[in-house]
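Have a look at the structure below before the remarks.
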Amino acid sequence: MTSRDDLAHVLVEVADRHGRLVPDAAIEVTFQVDGAGELASVGNGNPHNVDGFGQPRRHTWHGQALAILRPAKSPGRVTLTASAPGLRPAAMTLTVGQERTRVAGGQPSTRPRSHRTG
């Protein structure tokens, strides 16, 4: 079973057409999560921002925002899509699964694993 404590921190950046960070961008980004996970929290690093952390949207600060994903209890794929007015949406997919590891005594064990697939 996948541990719900294994969180994925996804940094979202506003970039210009050349791929450069736009540090003065302060736009509202909306997050959508589909598949084997959920949006656990959002943030932006702004110490003066008092918006709730559980909302599926956040204004960028210095051109950045953060989405934190929590995996489902079973393996699968989770896709995060970030969108904002006037910008192309961006999406990434993570695989939520289990990997076999060795514990003391050499006995096999399972441990949750996430990795980017797109």
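One-based numbering along the sequence shown. Values reported hereafter were calculated over all heavy atoms of this structure, with side chains retained and with hydrogens, waters and symmetry mates removed.
- The only option from Val42, Ile68, Leu80 that meets the side chain to side chain contact (heavy atoms under 4.5 Å, CB included) definition with Val10 turns out to be Leu80.
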Would you be so kind as to tabulate the donor-acceptor pairs closer than 3.5 Å made by side chains of residues 20-27, with sequence neighbours excluded?
residue: Arg20; atom: NE; partner: Asp16; partner atom: OD2; Å: 3.0
residue: Arg20; atom: NH2; partner: Asp16; partner atom: OD2; Å: 3.1

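- Linking ILVMFWY side-chain heavy atoms closer than 4.5 Å, directly or via other members, places Leu66 and Leu69 in two distinct hydrophobic clusters.
- Within a 6.0 Å radius of NE2 in His48, other residues, nucleotides and ligands contribute 12 heavy atoms or fewer.
- From Thr93, atom OG1 reaches atom CZ of Arg77 across 5.5 Å, with rounding to the nearest 0.5 Å.
- Arg58 contributes no side-chain N or O that, together with a main-chain N or O of Gln64, makes up a donor-acceptor pair within less than 3.5 Å.
- For Asp51, there are no side-chain hydrogen bond (donor to acceptor under 3.5 Å, both in side chains) partners two or more places apart in sequence or in a different chain.
- If you check the side chains of Thr30 and Ser83, you find no donor sitting under 3.5 Å from an acceptor.
- Screening Pro75, Pro71, Ser74 for a side chain to side chain contact (heavy atoms under 4.5 Å, CB included) with Val96, the sole residue that qualifies is Pro71.
- Linking Ile, Leu, Val, Met, Phe, Trp and Tyr whenever their side-chain heavy atoms come within less than 4.5 Å puts Phe31 and Met92 in one cluster.
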Run the side-chain donor-acceptor check on residues 33-40: report pairs under 3.5 Å with partners two or more places apart or on a different chain.
residue: Asp34; atom: OD1; partner: Gln32; partner atom: NE2; Å: 3.4
residue: Asp34; atom: OD2; partner: Gln32; partner atom: NE2; Å: 3.0
residue: Glu38; atom: OE2; partner: Arg4; partner atom: NH2; Å: 2.9

